[in-house]
Amino acid sequence: MSALPSQKFPHRQWDVFCRVVDNFGDIGVCWRLASQLAANGQRVRLWVDDASALTWMAPEGAAGVDVRRWGALPAAHEPASDVLVEAFGCEIAPEFIAACVNQVSAGAQKPVWINLEYLSAEPWVGRHHGLPSPVLHGPAAGWTKWFYYPGFGEDTGGLLRERGLMECVQAFDRDVWRRQQGGDAPTQGERWVSLFCYEPPALVDWLQQCEQAVAEPTRLLVTAGRAQRAVGAARQKILGQIGPQRLSDKSEQLHILNLDARPQPAYDELLWACDLNFVRGEDSLVRALWAGEPLVWHIYPQDDGAHGPKLEAFLDWLQAPPSLRHFHAVWNGLAPGPLPVVNAEVLQNWGACMRAARTRLLLQNDLLTQLLGFCESKR
């Protein structure tokens, strides 16, 4: 399916619900969805139980997005809900649903109820996308929810991609961006690497690979929070192994720059500016795909091991070369042994893979366009 021209959709009242579990991925995806909906003329109320991350993720807010406290209800004079989006398995409070039922009883049209699921490349996603889920209990018994699965294939709901994104990527001047960054003066021929991760099992191996200059000099830009703590712990572990001397006689080979928390547009620019991006979770993976640069995904580890097949399915869709598959397996603790050496030739190979994948994605309609059309078809 080729991407269709921009379509006009009626302006509706959307209510997006998000419960923040951890790691900012859920609120990150929901904020991008809400802000993109508003940019397309929709009215959005974003109901969230912990909006604290938005103070740095979206400090200026977005016109048309009204952030509301989880558990509250719209005022009686406010518009009735046209679309309910229940993100990532959160359950809308029965009181809110009861208020929707009362509005429908008073003459409002029944809202389209979307169950927005997690992103996966696994084959079953296409078979489940768009299926109805009858509501059997509660004030809305007899209504229907609709499963909506983001994904990488034409049989899924697609990926979030705001209008004009690729033009911004192509116009971006990474040399200017790099000169604006703080820290030590960049080294000639240095590769720039962003690190957004949990606590990857192979992080010590990666830092030692950079320190020992098995490839080009590395400038490692480490995102705030867990990634910085993980790097600190890894460096302490290395120091414990070799003593209090410098990590390497070639300490100039690795420059680490700790970043402050930054808004989503600034994080996107970080991805565009780097030669290699380590990402985690869902939102940063999608943004790194649009950047078109080599990436390594730290998938969220699950106790039942479900993250292994999910990662394999993504690498299959990506048509990842063997070196990239091996790196992912070791990075995620799914295979033993040292990380493959990442040199300029390897990065070139990985980059060609990423750009080919991005080209395939750009032939498909984005998630927002598909979601708007899907909801209109269910009214």
Colleague: What pair of heavy atoms forms the shortest contact from Gln253 to Cys210, and how long is it?
Modeller: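 Nearest pair, atom of Gln253 first, then Cys210: CB-O, 3.6 Å.
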
Colleague: Evaluate the side chain to side chain contact (heavy atoms under 4.5 Å, CB included) criterion for residues Lys110 and Trp143: first the C-alpha distance (whole Å), next the side-chain angles of each, then the deciding distance (0.1 Å), finally the verdict.
Modeller: CA-CA 9 Å; Lys110 185 185 299 183; Trp143 288 19; 3.6 Å; yes

Colleague: CD1/Ile238 to CG/Leu207 distance, rounded to the nearest 0.5 angstrom?
Modeller: 5.0 Å

Colleague: So does Trp317 get a backbone contact from the side chain of Arg360, meaning a donor-acceptor N/O pair under 3.5 Å?
Modeller: yes

Colleague: Compute the centroid of each ring, for His129 and then for Tyr148, and state whether the two points are separated by less than 6.0 Å.
Modeller: yes

Colleague: Report the distance from atom CD of Gln208 to atom CZ of Arg235, rounding to the nearest 0.5 Å.
Modeller: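 Atom-to-atom, Gln208:CD and Arg235:CZ are 11.0 Å apart.
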
Colleague: A side-chain contact here means heavy atoms from C-beta on lying under 4.5 Å apart; do Leu254 and Pro217 qualify?
Modeller: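 Answer no - side chains too far apart.
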
Colleague: Identify whether NZ of Lys or CZ of Arg in Arg161 sits under 6.0 Å from the centre of the six-membered ring of Trp290 and within 45° of that ring's axis.
Modeller: yes

Colleague: Using a strict cut-off of less than 4.0 Å between a Lys/Arg side-chain nitrogen and an Asp/Glu carboxylate oxygen, indicate whether Arg262 and Asp260 qualify as a salt bridge.
Modeller: no

Colleague: Between Glu78 and Arg68, does any side-chain N to carboxylate O distance fall below 4.0 Å?
Modeller: yes

Colleague: Please check this pair: side chain of His328 against backbone of Trp297, looking for a donor-acceptor N/O pair closer than 3.5 Å.
Modeller: yes

Colleague: Flag the pair Phe96 / Trp47 as yes when their ring centroid distance falls below 6.0 Å, and as no otherwise.
Modeller: yes

Colleague: Quick one: does any side-chain atom of Glu216 pair with a main-chain N or O of Gly189 as donor and acceptor, under 3.5 Å?
Modeller: no

Colleague: Return yes if some donor-acceptor pair links the side-chain N/O of Asp82 with the main-chain N/O of Gln13 below 3.5 Å, else return no.
Modeller: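 A pair under 3.5 Å: yes.
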
Colleague: Classify the angle between the aromatic ring planes of His128 and Trp124 as parallel (below 30°), tilted (30 to 60°) or perpendicular (above 60°).
Modeller: perpendicular

Colleague: Nearest heavy-atom pair of Ala63 and Ala38: which atoms, and what distance?
Modeller: O-CB, 3.3 Å

Colleague: Minimum heavy-atom separation for Val346 and Val341, please, with both atom names.
Modeller: CG2-O, 3.6 Å

Colleague: Mind checking the CG-CZ spacing from Asp26 to Phe17? Nearest 0.5 Å is all I need.
Modeller: 15.5 Å

Colleague: List the atom of Glu190, the atom of Asp275, and the distance in Å for their closest heavy-atom pair.
Modeller: O-OD2, 4.2 Å

Colleague: Grab the two heavy atoms, one from Cys274 and one from Ser194, that are nearest each other, plus how far apart they are.
Modeller: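 Scanning both residues completely, I find the closest heavy atoms to be SG-N, 3.7 Å.
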
Colleague: For Gln109, what residues pass the side chain to side chain donor-acceptor pair (under 3.5 Å) criterion, not counting sequence neighbours?
Modeller: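 Checked Gln109 against side chain to side chain donor-acceptor pair (under 3.5 Å); matches are Arg379.
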
Colleague: Can a donor-acceptor pair be found, under 3.5 Å and without considering hydrogens, that links the side chain of Ser120 to the backbone of Glu122?
Modeller: yes

Colleague: Do Glu345 and Asn349 have side chains that approach each other closer than 4.5 Å (heavy atoms only, starting at C-beta)?
Modeller: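 Sidechains of Asn349 and Glu345: no contact.
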
Colleague: Report, as yes or no, whether the 6.0 Å neighbourhood of atom CG on Asp303 holds more than 12 heavy atoms from other residues, nucleotides or ligands.
Modeller: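 Check fails, neighbour count at 12 or below.
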
Colleague: Could you tell me if Lys310 sits above the aromatic ring of Phe314, with its cationic atom closer than 6.0 Å to the ring centre and no more than 45 degrees from the axis?
Modeller: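 Here Lys310 fails the 6.0 Å and 45° test against Phe314.
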
Colleague: Regarding Ser323 and Trp350, do their side chains bring together a donor and an acceptor under 3.5 Å, going by distance alone?
Modeller: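 There is such a pair (donor and acceptor under 3.5 Å, judged by atom type) between the side chains of Ser323 and Trp350.
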
Colleague: Counting only N and O atoms by type, is there a donor-acceptor contact under 3.5 Å from the side chain of His11 to the main-chain atoms of Gln42?
Modeller: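 No, the answer is negative, given that no donor and acceptor are paired below the 3.5 Å cut-off.
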
Colleague: Excluding sequence neighbours, so at least two apart, what forms side chain to side chain contact (heavy atoms under 4.5 Å, CB included) with Asp155?
Modeller: none

Colleague: If you measure from the Lys or Arg side-chain nitrogens to the Asp or Glu carboxylate oxygens, is any gap between Arg174 and Glu269 under 4.0 Å?
Modeller: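 Result for this pair is no, no salt bridge flagged.
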
Colleague: Would you say Glu117's side chain and Phe88's backbone share a donor-acceptor pair under 3.5 angstrom?
Modeller: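 Not a single qualifying donor-acceptor pair exists.
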
Colleague: Return the minimal non-hydrogen interatomic distance between Ser81 and Arg45, and the atom names on each side.
Modeller: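 That would be OG-NH2, 3.6 Å.
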
Colleague: Is the shortest distance from a Lys or Arg side-chain nitrogen in Asp49 or Arg19 to a carboxylate oxygen in the other one below 4.0 Å?
Modeller: yes

Colleague: Is Arg287 salt-bridged to Glu162, going by a charged N under 4.0 Å from an acidic O?
Modeller: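 Looking at Glu162 together with Arg287, the answer is yes, because their closest N to O distance falls below 4.0 Å.
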
Colleague: Could you check whether any side-chain N or O of His255 sits under 3.5 Å from a backbone N or O of Arg219, counting only pairs where one atom can act as donor and the other as acceptor?
Modeller: no

Colleague: Per the side-chain contact (heavy atoms from CB on, under 4.5 Å) rule, which among Leu259, Leu270, Asn277, Thr223 passes with Phe196?
Modeller: Thr223

Colleague: So Leu119 and Phe152, side chain to side chain contact (heavy atoms under 4.5 Å, CB included) or not? Walk me through it.
Modeller: CA-CA 9 Å; Leu119 174 66; Phe152 305 93; 3.8 Å; yes

Colleague: What do the steps show when you test Val279 against Val296 for side chain to side chain contact (heavy atoms under 4.5 Å, CB included), and what is the final call?
Modeller: CA-CA 6 Å; Val279 295; Val296 174; over 6 Å; no

Colleague: Which one of Thr369, Asp366, Asn40 satisfies the side chain to side chain donor-acceptor pair (under 3.5 Å) criterion with Arg163?
Modeller: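 The single option meeting the side chain to side chain donor-acceptor pair (under 3.5 Å) with Arg163 is Asn40.
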
Colleague: Can you tell me if Arg69 uses its side chain to pair, donor with acceptor, with the backbone of Val48 under 3.5 Å?
Modeller: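 Such a contact is absent between Arg69 side chain and Val48 backbone.
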
Colleague: So for atom CD, which belongs to Glu60, do other residues, nucleotides or ligands contribute more than 12 heavy atoms lying within a distance under 6.0 Å?
Modeller: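 No, the 6.0 Å shell around CD holds no more than 12 heavy atoms from other groups.
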
Colleague: Taking Gln36 for its side chain and Leu160 for its backbone only, find out whether a donor-acceptor pair lies under 3.5 Å.
Modeller: no

Colleague: Please examine the side chains of Leu361 and Leu289, heavy atoms only from C-beta on, and report whether any two atoms are closer than 4.5 Å.
Modeller: yes

Colleague: Is the closest basic N to carboxylate O distance between Arg325 and Glu312 below 4.0 Å?
Modeller: yes

Colleague: Should the heavy atoms of other residues, nucleotides or ligands under 6.0 Å from CD of Glu376 be counted, would the total exceed 12?
Modeller: yes

Colleague: Is a salt bridge present between Glu282 and Arg32, judged by a nitrogen-to-oxygen distance below 4.0 Å?
Modeller: no

Colleague: For a 4.5 angstrom cut-off between non-hydrogen side-chain atoms, does Ile114 reach Leu84?
Modeller: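 No, side chains not in contact.
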
Colleague: Does a side-chain heavy-atom distance below 4.5 Å link Trp113 with Ile92?
Modeller: yes

Colleague: Return yes if a side-chain donor-acceptor contact under 3.5 Å exists between Asn115 and Trp146, otherwise no.
Modeller: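 Per modelled atom types, Asn115 and Trp146 side chains form no pair under 3.5 Å.
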
